[in-house]
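Reading through the structure tokens given below for one structure.
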Amino acid sequence: MRALITGGAGFVGSHLADLLLTQGHDVSVLDNLSTGSIDNIAHLKGHKHFHYTIDSVSNEPVLAELVDQADVVFHLAAAVGVKLIVEQPVHTIETNVRGTEVVLTHANKKKKLVLIASTSEVYGKNVAVPFSEDADLVLGPTTKHRWAYACSKAIDEFLALAYWKEKKLPVIVGRLFNTVGPRQTGQYGMVIPNFVMQALSGQPITVFGDGTQTRSFTYVGDVVDALAKLVQEPRAIGRVFNIGNGYEISIRDLAERVKMLAGSTSEIVTIPYDQAYEAGFEDMPRRVPDITRIHDLIGYEPKVQLDEILEKVIDYFKTR
Ligand code: UDP
């Protein structure tokens, strides 16, 4: 298989490139290095089945050529990270909506299979956990920029599913739940790399809000394994899949776990949301995936659990 990965120099994209190359596939990466990094793919340069182009998905002639050469497109290029979204809402909306639009337009010309990476963020403030794919999306008002991310990804999903319905373009939507592991940077606000860096440097570990909010973290290796399997399964086409790990933990407990596993003496402090992000910031209280659908279709089961993930991330930051 010849795979094109948009956003392939990013955290998830680069792990997907590693996996597909190991499986003997040909991999092309298109990335503008806005949040991705050349360091993530440096070890792949020179691999005879690996090619990369540093450019934006919105450079249509370049994108069209790469889509043409591929059998399947993994569309991972997106503006991600709550901090980035709150600080640069225009960039977030434009990148996510336009990027997906051009990828689908070009894929449609020769009906190339497209896997759209979406996010658990689309479930928004829904509290009826675990979230199944057909659950309602409960978003906040348009005056709160955080929801622009969920909305932009929901539009991506709508558009992809519309291409399937109306034009028979084969698409698959994967909703990724808090994907974590080595190479993820804390620069855009993600909690685990931030807690680990704080713990290792003896800085205070910053819990935002009261720390009772929960998340379910999924190891990046489990996620890319699922993505690679989904595109091989014809029955996945035209459908939406949660990709996550059902283990739920509060952010305060996560801080304690990181502190303990890193052998850190850092204190754990709480910071109100309006100081951490912006006035009136709304967080989601709980986020847990129902993974029945993907389990039933491709036998997906997350293999790497939280303590092991944290150990891998701690090792990663220690060696940097
Ligand atoms: N968070 C935190 N401290 C940090 C970064 C994030 O307490 O230094 C919290 C954040 O407010 C949220 C959770 O950790 O409740 C997960 O945040 P992240 O940005 O990793 O992902 P998302 O909000 O998209 O789930």
Side-chain angles (χ1 to χ4, degrees), residues 10-12 35 78-89 92 96 117-127 129-131 137-140 144-154 175-181 183-201 203-220 223 242-245 247-259 262 264 266-289 306 309-310 313 317:
F11 158 57
V12 179
T35 55
V80 290
V82 177
K83 191 161 165 262
L84 181 73
I85 281 133
V86 169
E87 287 168 4
Q88 297 181 34
T92 304
N96 293 355
S118 184
T119 167
S120 58
E121 179 92 8
V122 297
Y123 293 106
K125 295 189 279 188
N126 194 337
V127 285
V129 295
F131 302 138
L137 312 186
V138 185
L139 306 183
K144 298 195 191 291
H145 294 305
R146 191 228 171 99
W147 303 114
Y149 177 51
C151 235
S152 67
K153 296 303 277 189
R175 286 187 186 150
L176 278 52
F177 279 70
N178 292 73
T179 304
V180 292
R183 293 185 202 155
Q184 185 175 41
T185 154
Q187 232 179 317
Y188 307 105
M190 277 79 165
V191 66
I192 287 187
N194 274 302
F195 280 4
V196 168
M197 286 190 298
Q198 290 164 341
L200 291 177
S201 62
Q203 300 295 311
I205 299 176
T206 54
V207 171
F208 299 162
D210 64 6
T212 57
Q213 73 273 28
T214 71
R215 292 295 186 271
S216 311
F217 296 95
T218 317
Y219 185 59
V220 64
V223 170
N242 286 338
I243 305 175
N245 180 323
Y247 179 79
E248 180 184 20
I249 185 169
S250 75
I251 297 302
R252 169 153 284 279
D253 288 348
L254 177 71
E256 304 277 3
R257 288 273 270 281
V258 170
K259 178 175 165 161
S264 170
S266 292
E267 61 170 329
I268 297 174
V269 297
T270 50
I271 297 182
Y273 285 123
D274 53 4
Q275 275 176 39
Y277 299 106
E278 63 179 356
F281 179 83
E282 293 184 329
D283 201 2
M284 39 278 282
R286 292 180 75 186
R287 189 187 277 163
V288 186
L306 187 62
I309 299 174
L310 294 176
V313 176
F317 280 108

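Note that ligands are numbered from 1 as they come in the structure, with each ligand's atoms numbered from 1 the same way.
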message = Using 0.5 Å steps for rounding, measure from the CG atom of L310 to the NZ atom of K259.
response = 15.0 Å
ask   = Does any N or O in the side chain of S216 come within less than 3.5 Å of the main-chain N or O of R287, such that one atom is a donor and the other an acceptor?
value = yes
ask   = Once you round to the nearest 0.5 Å, how far does CD1 of I205 lie from OG of S264?
value = 5.0 Å
ask   = Going from CZ on R252 to CD on Q213, what distance comes out if it is rounded to the nearest 0.5 angstrom?
value = 10.0 Å
request  = Anything with a heavy atom under 4.0 Å from ligand 1 counts, so go ahead and list those protein residues by chain and number.
outcome  = V82, E121, R146, N178, G189, M190, V191, N194, F195, T206, V207, F208, Q213, R215, I251, Y273, Y277, D283, R287
request  = Please name the pair of heavy atoms, one in N96 and one in S152, separated by the smallest distance, quoted to 0.1 Å.
outcome  = ND2-OG, 3.2 Å
note = Value for CZ (R175) from CD (E121), rounded to nearest 0.5 Å, stands at 12.0 Å
